[in-house]
Amino acid sequence: MNPGIALAATAHHPGFLSPTGVEITFVLVGLATLGAALLTVTTRQLVHAALWLVVALGGLAVEYLLLTAEFIAWVQVLIYVGSVVVLLLFGLMLTRAPIGRSPDADSGNRWVALGVAGAAAVTLVWVVVDAFRATWINLHGAVQGTSRATGTSLFRHWVLPFEALSVLLLAALVGAIVLSRRDDGGRGSE
Amino acid sequence: MTLTALAALVPLLPFLGAAAGLLLGRTAPGFVRPLAVLPTAACLVVAAVVAARQGTGAPTDAAHRLATTGSVPIDLSLHLDGFSVLIAVLVGLVATCVQVYSLSYLRDDPRYPSYAALVSLFTAAMLLVVYTGDLMVLLVGWEVMGICSYFLVGHYWETETARAASIKAFLVTKLGDVPFLIGVFALASDAGTFRINGILAAAGEGRLHHPTVIALLLLAGVAGKSAQFPLHTWLPDAMAGPTPVSALIHAATMVAAGIYLVARLLPVFTASAAALAVLAAMAAVTMIGSGLAALAQDDIKRVLAYSTMGQLGYMAGALAVGDRDAAVFHLLSHGAFKALLFLGAGVVIHAAGTNSLTAMSRMGGMGRRIPDALWTMGLALAALAALPPLSGFFSKESVLRAAEHASAGHTAHVPSAVGWTVLVAGLAAAVLTGAYATRLFLLAFRGSGPEVPDHGRQPATMTTVLWVLALPTVAFGGLAYRELPDWFGGTGHDGLGPVLLTSILGTGLAVVGVLAAYGAWQGTAAIRRAAPFGAVVAEPADAEPALVEAEAMATHEAVYGDIASAEDPGDPGRLLLGPLHRPAAHGFHLDAVYSVVFVRPVLAAASLVRFLDRDVVETYVKAAGGTPGLLGAAVRKAQTGNVQTYLGALLAGAVVLAVLVAVGT
Amino acid sequence: MHLAYPAVLAALLFCTGIYGVLARRNAILVLMSVELMLNAVNLNLVAFDVWLRDTLHAGQALTLFTITIAAAEIGLGLAIVLLVYRNRGSSDIDRLTALADPAGPGTGGPADPGAGADQDEPGATAGDEKAEATA
């Protein structure tokens, strides 16, 4: 859509005090997602962190759905919840992460980290709210994120990056193999 | 060949010899000795030919300008007159004798090639000084002589004495050379030329604006080079060099360069009565002081060194009374007999195995061991004491006569007080000269005690040289005094011959000195027999003479407690000098005075500079280096290696930048 | 729907990720935090794509790419973490201080951070032994 329509939509947005149902749902799911994310980065049990990450990523998939991007939502569930978190759990197990509470899950500079993150959050939220407080997303009309629309644009306009991405994935595959291969000969000679 | 070309050959020959000797010294040792002797001998022959052809004729001048050098031109110029050609012959003769003598004296020395080359180079430099007609070129020769003297005095650089003596000789003469250089420049800027003829013409026309300052500045250099008070202290110590070096440099030639320079530039000095008075005072103090010191020395070569200073004092005195003929006459005759004395002393030291007169006086039969040295040194000592009819008598007589002439006020430009000073000092020095010459002879050759160990006959090259030099010692004065005024250009003087009054006074006083010394010697004979005293260097008979001398010098201080004197109650000098003996033996403690006045302040200043450098300047340097070091250490503390810290700082910075941008726009 | 909701949610998620990256000690937890940050960006991309109704669907295409790249990143990252763990016996980020400037001779005091790096060496060898034992 051209910006003119968006600006026209902006002109008569309903305001924050009369939320729509979609908005209420979005905010509630968003609060759950944010809470799960905060638990992910603060919990002292490493495996729980991975599980809270699942909740956070799943919440995000719901948010995608609410934003009418259904294909992205399913990809999110498949790839993140289905494979990435599983990989992370494998990593935790392979590095013999302690099960149960580990008191030293946070490093010494957590207060610095808290300060930086807080400052960044205040800045970002202030800027974003200042910029977009009157911006309205029109979710009605043609659905923006159907699988059809996404597939069409992906294979019509984004074919070349898509294929390049497959090469990138291949390189990452090879790199992961090379990195994790146990080089017995090399170690024996050390 | 023209006269000019021949004259140019004279300094060139020894110079080429020196260059060849230095180049071939290591690769072709067989050529070293011919290269040392032959160029010098050839140079003597050429110098004699030049002298014969120049003769009593008008001065010959030749100049070649290599390049224009600004406002005051410098020329390669030759100036040949009676003074220069005769002195060149003397230099050639002494240098040849010394080279021949050194063949035996330093026959086994490993450093003989460089030694011979340096002697040749020195000869070339002296001849350059003698022949040149340009002050700048003269200065080149002057400084080359200085550096050669430094190297040759330090020939035995393994010994502490020689090292100290060479540095002292260099520094003290340089102390005089710096004012000398300034004086030369002042002279040239006043006269507008470095040519000596031009300068003399300017002095004659009264165009010199600051004659006194210039003359005094030049006198500083002359005092340093010719070992006149107060810059004489290097000469006795310079006896640490080998004997032939002492003979060539410190008797006949280099120390004569200062006298020769004043003789050449005499009109510049006579333009200032103050300069003449200073020169006369210098000469008088030197004559008397050196005579007293010579009477107290124990080292035979130091006696001769002090006598050299005294004789140079005579020459300076003659110049102070404006008579350069007499000065150069004395220079010529003195050069011959003093070279003979030093070379003879080398023979004596070799035969006795010691350089101590005290030890020699306890030895019997020295005269029988070395009859050549006995006779030639006897003649030379008699000439030194100015006994007629030896050449020393005629030359010293001419000096005294000139002084007497000036004291009567008959010499133009010269105050009579100057004449009186020189005359009285010269007569007093005549007594002392007679006394120390007699003492030296008696102690060295008429000792009694155990026989001297037989070291075999002295090498023929050494004894022949003595007899060659004995000829001019005996005959030069008597034969030449009538001819010399013609050679010297006949400056309106009434000859150099002896006159009755000063002859009787001079000879009489010398005889008084001789008799006094003889009497004292007889009087102390019993003490000498009672107090045996002696340290003879035990050397195998075939040892190289130079080695014996070096060992004698090295052991003198250990045996007698002092480099210059010995605690010998049987020394006639001690009887004659009385309470003066101790200060005289130490050169009247001038070295101590210099040490207090000059050396200590310089050392203190050096330590101050060292302190400033080490503790003050260094602090700034260290701070300049240390501050970044500390900063670096502080910054390094941030390099914890913890990636999260780095990333935290990075993000914090990004946030700050974002806030700045957001607030700014 | 107001654009501010997804935008603020994305910002807060991103900052949560920042906190996790900076504060967590275990390398795998750091990787999880990185995933959070990436997802925050994805949310932004989708929201703006929907708001702008982009005909090219650039935001969604880029989201897909980001997800792919995140998958690749997590694979490589885990491989690296495993390698580090195998070599040093630990996957704690604040003990991997090989980047630290070792104490110079004489200039550094005893309180120099390089001392920490030195203390790290015995742990590394112990880790090696542990890895050997595991193998």
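Chain naming here is simple, since letters A, B, ... match the order of the sequence lines and numbering starts at 1 in each. Values in this document were obtained by computation on a predicted structure and should not be read as measured data.
Of the two parts of A:Leu88, the backbone and the side chain both hold a non-hydrogen atom closer than 4.5 Å to a non-hydrogen atom of chain C. Residue A:Thr68 touches chain C through its side chain alone, counting heavy-atom pairs closer than 4.5 Å. For a residue to count as touching a neighbouring chain, one of its non-hydrogen atoms must lie under 4.5 Å from one of that chain's; by this rule A:Leu173 does not touch chain C. Proximity to chain C (any heavy atom under 4.5 Å) is shown, for A:Phe162, by both the backbone and the side chain. Interface remark: C:Ala27 contributes no atoms to any contact with chain A (heavy atom separation under 4.5 Å). Proximity to chain A is limited to the side chain of C:Ser91, based on heavy atoms less than 4.5 angstrom apart. Heavy atoms closer than 4.5 Å to chain C are found in both the backbone and the side chain of A:Leu67. Using a 4.5 Å cut-off between heavy atoms, A:Leu53 touches chain C through its side chain atoms alone. Residue contact with chain C, scored on non-hydrogen atoms closer than 4.5 Å, involves the backbone and the side chain of A:Leu92 alike. Contact annotation for A:Ala50: both backbone and side-chain heavy atoms come within less than 4.5 Å of a heavy atom of chain C. With a 4.5 angstrom heavy-atom cutoff, A:Thr43 touches chain C via backbone and side-chain atoms both. Both the backbone and the side chain of A:Leu94 have a heavy atom closer than 4.5 Å to some heavy atom of chain C. Contacts of A:Ala119 with chain C are absent, with no heavy-atom separation under 4.5 Å from either backbone or side chain. Both the backbone and the side chain of A:Leu38 have a heavy atom closer than 4.5 Å to some heavy atom of chain C. For chain C, no part of A:Pro19 is nearby; none of its heavy atoms comes within less than 4.5 Å. If you measure heavy-atom distances from C:Leu29 to chain A, the contacts under 4.5 Å come from the side chain alone.
For A:Phe132 and C:Phe48, the distance between ring centers is under 6.0 angstrom.
Taking each heavy atom of A:Thr42 and C:Tyr19 in turn, the nearest pair found is CG2-CE2, 4.0 Å. Here the closest non-hydrogen pair linking C:Val8 and A:Val128 is N-CG1, 4.1 Å. Summarising the geometry of C:Asp49 relative to C:Ala58, their closest heavy-atom pair is OD1-N, 3.7 Å, with the distance given to 0.1 Å. Nearest heavy-atom pair across C:Leu36 and A:Ala56 is CD2-CB, 4.3 Å.
Of all the listed residues (C:Thr63, C:Leu22, C:Asn39, C:Leu56), the one sharing the greatest number of non-hydrogen pairs under 4.5 Å with chain A is C:Asn39. Chain C forms more heavy-atom pairs under 4.5 Å with one residue of A:Leu124, A:Ile72, A:Val125 than with any other, namely A:Ile72. Between chain C and the residues A:Thr95, A:Thr33, A:Leu179, the largest count of heavy-atom pairs under 4.5 Å involves A:Thr95. In terms of heavy-atom pairs under 4.5 Å with chain A, the best-connected choice from C:Met32, C:His57, C:Met1, C:Gln60 is C:Met1. Among C:Ala4, C:Ala7, C:Pro6, C:Ala11, the residue making the largest number of heavy-atom pairs under 4.5 Å with chain A is C:Pro6. Ranked by heavy-atom pairs shorter than 4.5 Å toward chain A, the options C:Val84, C:Thr68, C:Val30, C:Asp92 are led by C:Thr68. Per-residue heavy-atom pair counts under 4.5 Å with chain A were compared for C:Ile28, C:Ile18, C:Val21, and the maximum is reached by C:Ile28. Per-residue heavy-atom pair counts under 4.5 Å with chain C were compared for A:Val22, A:Leu168, A:Thr40, and the maximum is reached by A:Thr40. Between chain C and the residues A:Val178, A:Leu114, A:Val129, A:Val127, the most heavy-atom pairs under 4.5 angstrom are made by A:Leu114. Listed options C:Leu43, C:Ile93, C:Leu31 were ranked by heavy-atom pairs under 4.5 angstrom with chain A; first place goes to C:Leu43.
Atoms OG1 and CG, on C:Thr66 and A:Leu165 in that order, are 9.0 Å from each other to the nearest 0.5 Å. Atom CG of A:Leu89 and atom CE of A:Met93 lie 5.5 Å apart (nearest 0.5 Å).
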Which atom pairs, one a donor and one an acceptor, fall under 3.5 Å between side chains of residues 69-82 of chain C and the rest of the protein, sequence neighbours left out?
none

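Within 6.0 Å of CH2 on A:Trp52 lie no more than 12 heavy atoms contributed by other residues, nucleotides or ligands. A 6.0 Å sphere centred on NE2 of A:His48 holds no more than 12 heavy atoms belonging to other residues, nucleotides or ligands. A:Ile24 CD1: more than 12 foreign heavy atoms inside a 6.0 Å radius.
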Check the pair C:Val50 / A:Tyr64 against side-chain contact (heavy atoms from CB on, under 4.5 Å), numbers first and verdict last. CA-CA 10 Å; C:Val50 172; A:Tyr64 291 150; over 6 Å; no
Step by step, work out the side-chain contact (heavy atoms from CB on, under 4.5 Å) result for C:Ile67 and C:Asn42. CA-CA 8 Å; C:Ile67 290 171; C:Asn42 285 350; 3.6 Å; yes
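Remark: A:Val54 engages A:Val81, A:Val85 in a side-chain contact (heavy atoms from CB on, under 4.5 Å) (not counting sequence neighbours).
The aromatic rings of A:Trp136 and C:His2 sit perpendicular, their planes meeting at an angle over 60°, well past the 30° parallel limit.
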